There are 2 protein chains.
Amino acid sequence: MASHRSSAGDPTRTLELLWREAAPLKGQRGPKPGLTVDTVVATAVELADAEGLDAVTMRALAGKLGIAPMGLYTYVPGRAELIDLMLDGLYAGMARRKPKTRDWRARLEAVAHDNRALFTKHAWLADVSTTRPPLGPGQLAKYEYELQALEGAGLGDVEQDAALTFVLGFVESCARAASDMRAARLESQMSDATWWQANAPLLARMSDPERYPTASRVGTAAGQAHGAAYNPEHAFRFGLERVLDGLSALMGQAPPPKRSRTVARKTAR
Amino acid sequence: MASHRSSAGDPTRTLELLWREAAPLKGQRGPKPGLTVDTVVATAVELADAEGLDAVTMRALAGKLGIAPMGLYTYVPGRAELIDLMLDGLYAGMARRKPKTRDWRARLEAVAHDNRALFTKHAWLADVSTTRPPLGPGQLAKYEYELQALEGAGLGDVEQDAALTFVLGFVESCARAASDMRAARLESQMSDATWWQANAPLLARMSDPERYPTASRVGTAAGQAHGAAYNPEHAFRFGLERVLDGLSALMGQAPPPKRSRTVARKTAR
DNA sequence: TGCAACTGCGTACGTCGTACGTAGATTCGG
DNA sequence: CCGAATCTACGTACGACGTACGCAGTTGCA
């Protein structure tokens with residue numbers, strides 16, 4: 001498991017659910033529902049935060065809510081739709097500060113950091129397809145807010161959308177990589193250092209520097225610099241700088257004076 | 001399902017398997033294995049290509065190979081390791097042309113396109129964590145080859161690694177988005193146009209242009225330009241240009257004379 | 001030729017999501 | 001105010017899945 005995809009069932013039903021348009025207009029006979037959709041979704045988020053998305057089984061969630069497993073299907077058509085609701089709920093709850101700067105780059109940087117913070121707070125988000133979730137109120141509000149970071153930067157509408165997609169895709173990509181690393185570490189039950197120590201001999205025998213000169217030089221340098229094969233924090237900082245520079249170029253501006261840029265320097269081998 | 005994660009078991013065992021170092025040195029009594037690891041992996045790839053990663057069930061694969069489900073565990077420790085092997089096999093089989101240009105940008109662009117082609121040919125790759133696969137021969141050869149695209153561009157070793165990770169992450173991100181779209185379309189059993197037609201009324205009622213002015217303006221423009229909410233092809237072209245421009249800035253070069261760049265232009269509302 | 005090692009495989013267990021049917025609670029029509 | 005219509009909550013059960021475990025049979029070596 002660990003995956004998602006949305007509404008195998010009626011997509012319109014999902015949309016109604018997202019916008020909380022479930023029709024309570026009709027007769028309303030029978031027993032009153034003891035719970036609300038919001039309670040269910042909120043509890044699911046709690047569970048996912050605490051134990052990961054895989055732990056959000058219909059049984060486990062029902063147990064936490066004190067109802068029978070099948071009782072969940074009263075509120076939610078299925079697991080996929082539940083996850084859609086969780087995602088949109090999180091989006092809806094994101095802080096939307098009034099942008100205080102006229103610099104689009106700073107605004108967009110803030111957007112990237114906000115998104116990254118969400119992935120950090122809810123690690124299970126990396127296991128969800130955030131690219132194409134059904135259009136809920138949270139998603140829409142988020143889109144509106146984030147687009148405004150690019151308003152007035154001289155981009156056409158289509159480019160504005162593409163630029164935002166680009167930035168968000170980058171952040172998600174980083175988050176997923178970070179999550180993969182975390183999962184790998186948990187599974188292997190050993191720290192990066194231990195793993196390296198255990199497998200270095202085998203790897204050294206395989207990957208001889210004569211056949212793979214560049215890989216061993218660069219790989220070693222990167223490994224030593226980061227203390228691991230991959231450093232999420234560094235990858236994010238580095239990548240975000242590139243992303244923003246790339247967009248700067250689109251707007252015909254030169255990248256800003258190098259702030260934290262390390263001097264390019266060849267490591268001797 | 002639809003997910004991955006690697007070797008819950010002994011990681012060293014996985015490494016030996018990747019490098020095909022399974023010890024046939026010892027006694028070798030008992031019946032000879034009727035199959036080889038390579039056959040198993042190749043068949044699994046065929047199956048995944050044809051019906052997706054979810055279809056690569058231990059049972060289904062065993063059936064295709066004409067053995068009992070549990071017989072697979074003779075060759076492979078488990079499903080996760082099988083997927084690792086599939087991935088590394090694909091990497092090993094990637095074409096590695098001799099770079100014919102001295103222009104790092106063209107070389108890196110080629111790397112991006114090659115990777116994209118792999119994702120296109122094997123759509124199930126988007127469901128696999130390609131960020132941190134165990135270090136196999138294919139992965140290593142790929143790393144070596146792709147790093148060479150950045151050699152001589154004036155980057156330090158650590159930056160070289162970061163730049164490659166950045167580019168590959170971008171390609172994977174695009175591939176995943178494209179795959180998500182495809183899956184959504186398949187599931188909903190209707191074309192994008194039909195979906196839009198069915199849900200436009202509800203969405204229009206919800207997302208009124210007064211509350212979400214930017215979103216509706218930009219969203220409409222993008223939707224009309226692409227004929228859908230998201231256009232993978234456009235996202236890739238646009239993003240790759242930004243990625244390369246961003247790296248250009250790092251190297252202190254100006255981005256190249258605009259080739260296919262559309263003129264930034266505000267769409268009137 | 002016997003024996004011990006090692007392979008291939010069958011059975012079975014514990015998960016999961018969820019289809020389906022039933023019983024009971026609730027409100028509406030008269 | 002009461003029967004009937006109707007909706008909710010829930011229990012049982014099914015068919016997937018990955019894979020632990022143990023047995024039987026085949027093979028190489030002494």
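Computed from a predicted structure; not experimentally measured. The sequence lines fix the lettering, A, B, ..., with proteins before strands; numbering per chain opens at 1. All values below come from the heavy atoms of this structure, side chains included, with hydrogens, waters and symmetry mates left out.
- Partners of B/Arg96 according to the side-chain contact (heavy atoms from CB on, under 4.5 Å) rule, which considers only residues two or more places apart in sequence or in another chain, are B/Met94, B/Ala141, B/Lys142, B/Tyr145.
- The heavy-atom pair separating B/Lys121 from B/Asp49 by the smallest distance is O-OD1, 4.1 Å.
- Between the CG atom of B/Leu53 and the P atom of D/dG18 there is a distance of 10 Å, rounded to whole Å.
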Are any protein N/O atoms closer than 3.5 Å to N/O atoms in nucleotides 18-22 of chain C? If there are, list each pair with its distance.
| unit_1 | atom_1 | unit_2 | atom_2 | d |
| --- | --- | --- | --- | --- |
| C/dT18 | OP2 | A/Tyr73 | OH | 3.0 |
| C/dT18 | OP2 | A/Arg79 | N | 3.0 |
| C/dT18 | O5' | A/Tyr73 | OH | 3.4 |

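- Nucleotide C/dT7 holds its P atom 16 Å from the CG atom of B/Leu72, rounded to whole Å.
- Contact between the side-chain N/O atoms of A/Thr74 and the OP1/OP2 oxygens of D/dT8 is not found at any separation under 4.0 Å.
- Closest heavy-atom contact between A/Ala228 and A/Met181: CB-CE, 4.4 Å.
- D/dC17 atom C1' lies 14 Å from atom CG of B/Leu61, rounded to whole Å.
- Taking atom CD1 on A/Ile67 and atom P on D/dG11, their separation rounds to 10 Å, with Å as the unit.
- The two atoms that bring A/Ser179 and A/Ala126 nearest to each other are CB-CB, 3.5 Å, heavy atoms only.
- Of all the heavy atoms in B/Tyr75 and B/Leu17, the pair that sits closest is O-CD2, 3.9 Å.
- Under the 30°/60° scheme for interplanar angles, the aromatic rings of B/Phe166 and A/Phe170 are found to stand perpendicular.
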